[in-house]
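Written out below as structure tokens is the structure these notes cover.
The analysis underlying the following values was restricted to heavy atoms, covering all of them including side chains, and did not include hydrogens, waters or symmetry mates.
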Amino acid sequence: MDNKMLSEALISMLGAGNVRISEPMKPHTTFRIGGAADYYVTPQTEKQIADVITFLKKSDISYIVIGNGSNILVSDEGFRGVVVELGDAFSGYEILPGIQADSDEVLVKANAGMKLTRLGNQLAANGIAGFEFATGIPGCIGGAVRMNAGAYGGEFKDILVSAKVIDDEGVIRELSADELELGYRTSIVAKSNMIVLEATLKLRKGEPDIIRNNISELAAKRRQKQPLEYPSAGSTFKRPEGYFAAKLLRMQVLRVVQEVAHRFLKSMPALLSIKAMRQLKMYVSLQIILRVLLWRSSVSNLNWRL
Ligand SMILES: Cc1cc2nc3c(=O)[nH]c(=O)nc-3n(C[C@H](O)[C@H](O)[C@H](O)COP(=O)(O)OP(=O)(O)OC[C@H]3O[C@@H](n4cnc5c(N)ncnc54)[C@H](O)[C@@H]3O)c2cc1C
């Protein structure tokens with residue numbers, strides 16, 4: 001299909017105001033980098049999403065669905081195809097009574113483009129607890145379900161009841177939490193390239209002030225540990241089971257430094273000259289620095305050979 005036909009087809013489905021051509025991706029990603037996408041479209045209704053995805057699949061045109069762009073890295077070459085943004089047009093939510101009567105349970109149905117921070121703050125104001133862990137994650141519901149987003153001991157898996165998706169055959173379905181196959185930063189949505197339209201979350205009644213306080217505490221922890229002032233897509237490494245990637249990296253750096261120190265010591269002559277004494281002093285200083293690093297990196301429980 002040539003560019004003219006593709007533009008016309010997209011405009012007829014979505015309206016001219018929702019189709020941008022050669023759109024730079026930089027402002028649509030938290031990395032703040034990325035060349036232009038051939039087409040950047042913003043459907044406004046569920047039907048428009050379904051229509052545009054069916055059309056793109058049938059025409060064999062590459063596409064990617066994005067939310068807040070906080071977990072994507074776009075090449076300087078841009079994207080040859082259509083970027084479909086499920087953003088502000090899909091940022092509604094609804095509070096429903098819980099499944100169990102007479103309990104503190106509350107169900108919240110949120111659209112794919114709802115920002116987690118916005119939802120978390122609104123839930124807090126409504127006295128709904130259990131979403132605090134996600135409130136500082138700068139993504140939308142759709143992206144968060146896809147990767148089972150999590151932080152500070154909580155993850156979407158803990159609160160998801162079900163999600164409405166467009167499956168890989170273009171059919172709209174409601175998948176239960178089990179069917180979503182939520183794992184560490186993955187789900188069936190990622191594995192089968194589905195599109196999340198809506199998620200139903202199981203939360204509970206709480207005290208607005210306590211919830212707000214929990215959110216502030218987690219935000220403070222985040223600010224303390226993460227360089228939020230720089231563009232990024234959050235964590236670069238997946239966490240190996242039982243470890244944190246940062247801890248492993250620090251251990252690796254320390255191992256290299258330790259090896260250098262050993263080689264240095266071995267190369268010293270048996271009889272200590274003044275020069276050797278100076279070298280020994282340097283070695284001892286290095287040991288002290290390493291001990292401080294070990295202590296700071298909380299790996300001091302390991303058996304270091306120094
Ligand atoms: C400073 C910072 C801190 C972060 N902290 C955390 C954290 O603590 N925990 C954590 O889990 N993540 C964290 N992230 C990563 C990111 O915010 C999450 O992965 C978030 O869930 C991504 O949502 P998004 O809307 O921005 O997705 P996008 O970046 O827009 O898209 C990410 C992926 O999801 C897909 N996708 C987006 N929307 C949909 C949809 N509706 N249906 C199907 N697929 C979709 C996209 O195709 C893409 O593959 C952080 C990122 C930053 C920049």
Between [X] and [Y], what is the shortest heavy-atom contact and its length?
| X | Y | value |
| --- | --- | --- |
| Cys140 | Gly113 | SG-O, 3.5 Å |
| Ser91 | Asp88 | OG-O, 2.8 Å |
| Asn68 | Gly139 | CB-CA, 4.1 Å |
| Ala199 | Ile141 | CB-CG2, 3.8 Å |
| Val83 | Ala37 | CG2-CB, 3.6 Å |

Indicate if [X] and [Y] have the same hydrophobic cluster label, given that clusters are the connected sets of ILVMFWY residues with side-chain heavy-atom separations under 4.5 angstrom.
| X | Y | value |
| --- | --- | --- |
| Phe90 | Ile72 | no |
| Ile128 | Ile210 | no |
| Val196 | Tyr63 | no |
| Ile53 | Met1 | yes |
| Met5 | Val41 | yes |

Donor-acceptor pairs under 3.5 Å, side chain of residues 116-123 to any protein atom, not counting sequence neighbours: which ones?
from, atom 1, to, atom 2, distance (Å)
Thr117, OG1, Thr135, O, 2.8
Asn121, ND2, Thr117, O, 3.1
Gln122, OE1, Tyr93, OH, 2.9

Just wondering, do [Y] and [X] contact through their side chains at under 4.5 Å, heavy atoms?
| X | Y | value |
| --- | --- | --- |
| Leu180 | Val189 | yes |
| Leu86 | Ile66 | no |
| Pro43 | Val84 | yes |
| Leu197 | Val165 | no |
| Tyr39 | Ile21 | yes |
| Leu107 | Lys109 | no |
| Phe131 | Leu201 | yes |

How long is the straight-line distance from [atom2] of [Y] back to [atom1] of [X], given to the nearest 0.5 Å?
| X | Y | atom1 | atom2 | result |
| --- | --- | --- | --- | --- |
| Leu6 | Ser59 | CG | OG | 7.5 Å |
| Ser75 | Met25 | OG | CE | 11.5 Å |
| Ile137 | Lys115 | CD1 | NZ | 15.0 Å |
| Ser187 | Glu181 | OG | CD | 8.5 Å |
| Leu10 | Arg20 | CG | CZ | 13.5 Å |
| Ile49 | Met13 | CD1 | CE | 13.0 Å |

Does any N or O in the side chain of [X] come within less than 3.5 Å of the main-chain N or O of [Y], such that one atom is a donor and the other an acceptor?
| X | Y | result |
| --- | --- | --- |
| Thr30 | Ser232 | yes |
| Lys57 | Asp168 | yes |
| Glu179 | Ser176 | yes |
| Asn111 | Met114 | no |
| Ser12 | Ala9 | yes |
| Thr186 | Met147 | no |
| Arg80 | Glu77 | yes |

Could you list the donor-acceptor pairs under 3.5 angstrom formed between side-chain atoms of residues 152-163 and any protein atom two or more places apart in sequence or on another chain?
from, atom 1, to, atom 2, distance (Å)
Tyr152, OH, Arg222, N, 3.3
Glu155, OE1, Asn148, ND2, 3.1
Asp158, OD2, Glu155, N, 3.0
Ser162, OG, Glu174, OE2, 2.7

Partners meeting side-chain contact (heavy atoms from CB on, under 4.5 Å) with Ala129 (sequence neighbours left out):
Glu132, Arg204, Ile211
Using the side-chain contact (heavy atoms from CB on, under 4.5 Å) criterion, which residues pair with Arg212? Sequence neighbours excluded.
Ala124, Ala125, Pro208, Asp209
I need the full list of side-chain hydrogen bond (donor to acceptor under 3.5 Å, both in side chains) pairs touching residues 41-51, with sequence neighbours left out, sorted by first then second residue.
Asn18-Thr42, Asn18-Gln44, Glu46-Lys164, Lys47-Asp51
For the pair Leu175 and Met194, evaluate side-chain contact (heavy atoms from CB on, under 4.5 Å) and give the outcome as yes or no after the intermediate values.
CA-CA 11 Å; Leu175 297 183; Met194 295 180 175; 3.8 Å; yes
Starting from the C-alpha separation in whole Å, work towards a yes-or-no answer on side-chain contact (heavy atoms from CB on, under 4.5 Å) for Tyr40 and Glu85.
CA-CA 7 Å; Tyr40 190 94; Glu85 184 204 278; 2.6 Å; yes
Go through it in stages, so that I can follow the logic: the residues are Glu105 and Lys205, the test is side-chain contact (heavy atoms from CB on, under 4.5 Å), and I'd like the CA-CA distance, side-chain angles, deciding distance and then a yes or no.
CA-CA 6 Å; Glu105 198 179 278; Lys205 288 175 199 155; over 6 Å; no
Go through the steps for Ile61 and Val82 under the test side-chain contact (heavy atoms from CB on, under 4.5 Å), then give the verdict.
CA-CA 8 Å; Ile61 293 166; Val82 181; 4.0 Å; yes
Glu8 with Lys4: basic N within carboxylate O range, under 4.0 Å:
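So Glu8 pairs with Lys4 through a salt bridge.
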Phe31: hydrophobic cluster co-members (side-chain, 4.5 Å):
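Its cluster mates, by chain and number, are Ile33, Leu73.
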